[in-house]
J.: 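Following this message is one structure expressed as structure tokens.
Note on naming: letters A, B, ... go to the chains in the order of the sequence lines (proteins, then strands), and numbering restarts at 1 for each one.
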Amino acid sequence: MRIATWNVNSIRQRLDHAVRWLGETRPDIVCIQEIKCQTEAFPKEAFEQLGYNVTVHGQKGFNGVALLSRLPLEDVTHGLAGDDGDVQARFIEAVVSVKGGVVRVACLYLPNGNPVDTEKYPYKLGFMERLEAFAADRLKLEEPLILAGDFNVIPEARDAADPSAWVGDALFLPRTRSAFRSLTHLGLTDALRATSDAGRLYTFWDYQAGAWQRDMGIRIDHLLLSPQAADKLIATGIDKHVRAWEKPSDHVPIWADLAIAA
DNA sequence: ATGACGGTGCTCCACCGA
């Protein structure tokens, strides 16, 4: 089973890319972030024609997430528990039944948090606290669980081409990275780092200042695995070639292959 | 030091993102 995550930066602008990429890699489960449309405006049929079951949690203009799966999606929940006042569409949880059990997936779009001297940063930290509470609860189930998405966190200095450029940024502040470590220390495995010590592994390159051409990237899209999922981890990859396509998203897909029969 | 790029919508500017 291959599970992938991709921040598409508008699904309507990126539909051709999404269809092309799905045709290339045929992942079993796909977490999509920043669809930037309302649920009804999501081009669901295009993905259903490719054999996917689709659930969409959209909102007007910004944010928005979607989850695609070749196997039926069960127990779908839209929104992250812990703040009834949070109206931003950033989270979907679902379960997929596989031979001998289930796979539980959370598709998430963690808040950016900039500028840090505004209410945006406390919102980010609050979301991370709620995510940690969610993960702690679900880990009790002892299931294969994957938290996949755009975390908007640069975990370590080696995850940025130029770490000095990110000092003071909400993606890299010590408090942000501490919150991310607190999450992983529950017992979640960063799938990419579990399979590679290579340098220059990035998932985002800014549109501006020739960041892609100069490979000035950052690694902020992650797949975090419960022990039961990590035990099945075979390989990971970053599909960075899609960043060179015409009119690309500023993020690229990343994926993990798990030894679980789909 | 700033803006750069690209997306959305109550669109020809403002706001958001990273």
J.: Can you tell me if A:Ser97 and A:Glu74 form a side-chain donor-acceptor pair at under 3.5 Å?
T.: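 Checked: A:Ser97/A:Glu74 side chains pair up, N/O donor to acceptor below 3.5 Å.
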
J.: Expected output is a numbered-order residue list: members of residues 240-248 of chain A with a heavy atom under 4.0 Å from any atom of DNA chain B. What is it?
T.: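 When residues 240-248 of chain A is checked for heavy atoms under 4.0 Å from DNA chain B, the hits, listed by number, are A:Lys247.
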
J.: Could you walk me through whether A:Val153 and A:Met128 pass the side chain to side chain contact (heavy atoms under 4.5 Å, CB included) check?
T.: CA-CA 10 Å; A:Val153 175; A:Met128 294 182 84; 3.8 Å; yes

J.: Report yes if at least one side-chain N or O of A:Ser10 is closer than 4.0 Å to OP1 or OP2 of B:dG6; otherwise report no.
T.: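 So the side chain of A:Ser10 is outside the cut-off, no N or O lying under 4.0 Å from OP1 or OP2 of B:dG6.
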
J.: Between the side chains of A:Glu34 and A:Asn7, does any donor sit under 3.5 Å from an acceptor?
T.: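 Distance-only check passes for A:Glu34 and A:Asn7.
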
J.: Only one of A:Asp28, A:Asn53, A:Val98 passes side-chain contact (heavy atoms from CB on, under 4.5 Å) with A:Leu71; say which it is.
T.: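 Only one of A:Asp28, A:Asn53, A:Val98 forms a side-chain contact (heavy atoms from CB on, under 4.5 Å) with A:Leu71, namely A:Val98.
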
J.: In terms of side-chain heavy atoms, does A:His78 have a donor or acceptor partner in A:Thr55 at a distance below 3.5 Å?
T.: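 Yes.
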
J.: So, A:Asp159 and A:Tyr202: side-chain donor and acceptor under 3.5 Å apart, yes or no?
T.: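 The criterion, which ignores hydrogens and geometry beyond distance, is not satisfied for A:Tyr202 and A:Asp159.
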
J.: Tell me whether A:Arg219 forms a cation-pi arrangement with A:Phe204, defined as NZ or CZ under 6.0 Å from the six-membered ring centre and within 45 degrees of its axis.
T.: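 Not flagged: A:Arg219 not positioned over aromatic ring of A:Phe204.
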
J.: Please report, rounded to the nearest Å, how far the C1' atom of B:dC5 is from the CZ atom of A:Arg14.
T.: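 Value for this atom pair: 11 Å.
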
J.: So, A:Tyr121 versus A:Asn112: side-chain donor-acceptor pair below 3.5 Å or not?
T.: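 Short answer, no.
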
J.: At under 4.0 Å between heavy atoms, how does the protein contact nucleotides 9-18 of chain B? Give one character per nucleotide, 5' to 3', with B, S or -.
T.: SS-----SSB

J.: Could you state the atom-to-atom distance from NE2 of A:His17 to P of B:dG6 in whole Å?
T.: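 Distance check: A:His17 NE2 to B:dG6 P gives 12 Å.
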
